[in-house]
Amino acid sequence: EAGVAQSPRYKIIEKRQSVAFWCNPISGHATLYWYQQILGQGPKLLIQFQNNGVVDDSQLPKDRFSAERLKGVDSTLKIQPAKLEDSAVYLCASSLNSGALSYNEQFFGPGTRLTVL
Amino acid sequence: RKEVEQDPGPFNVPEGATVAFNCTYSNSASQSFFWYRQDCRKEPKLLMSVYSSGNEDGRFTAQLNRASQYISLLIRDSKLSDSATYLCVATGNQFYFGTGTSLTVIP
């Protein structure tokens, strides 16, 4: 079974530039997550999709970050404009489904390591 | 207050030692709990789910204490390959990850 795919694996940009990340979840997984992991910290949820609808984007800095999952399969996360503090690993994960307070296992992609100079 | 709190360590233990990690969570309504393992510069991978009755998988034992709102992970007979960061997870409105506990097993 193919895992969660992400691209690119690495990206270096200058502050104020834009960047986009792509994720393709495991086939059949309804729920897709984007996380930000800063060095030395645990992953922090940015946005959660259930099929093509947003379930939770409360921690997404909406002035600069946007995400979409138009057809309910793959997803893109964009940062525009980037700041130095956006340097992190951006992880995409998927799970079969999720319910209130109870979740299935999440499977993570390899992540995109972003460096903002 | 953080949803999930862990001692970041680092824990440096000799091969063959037993090591235990604890993790506390703040949402008493959380229903699902997990331990994930993350190797350096890799993505997190599920180590084990944590069930109310406790569960064991080889050298690894996970326990849940709902009254005190903590989960634990016990690793027996540590191997060099156990060196990694261990992340605990409790669910609320989302997956809440702890900051991770770093383990290094020394030859």
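Just so we're on the same page: letters track the sequence lines, and every chain starts at 1.
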What pairs with Arg76(B) under salt bridge (charged side-chain N to carboxylate O under 4.0 Å, His left out), at least two apart in sequence or on another chain?
-> Glu56(B)

Lys45(B) meets the salt bridge (charged side-chain N to carboxylate O under 4.0 Å, His left out) criterion, sequence neighbours left out, with none

Using the ring of each side chain (for Trp, its six-membered ring), is Phe11(B) parallel, tilted or perpendicular to Phe21(B), with breaks at 30° and 60°?
-> perpendicular

Indicate the ring-plane relationship of Phe108(A) and Phe97(B), choosing parallel, tilted or perpendicular according to the 30° and 60° boundaries.
-> perpendicular

So which part of Tyr36(B) gets closer than 4.5 Å to some heavy atom of chain A, the side chain, the backbone, both or neither?
-> side chain

So, the part of Gln38(B) with a heavy atom under 4.5 Å from chain A: the answer is side chain

Examine whether an atom of Gln6(A) lies under 4.5 Å from a heavy atom of chain B, and if so say whether it belongs to the side chain, the backbone or both; otherwise answer neither.
-> neither

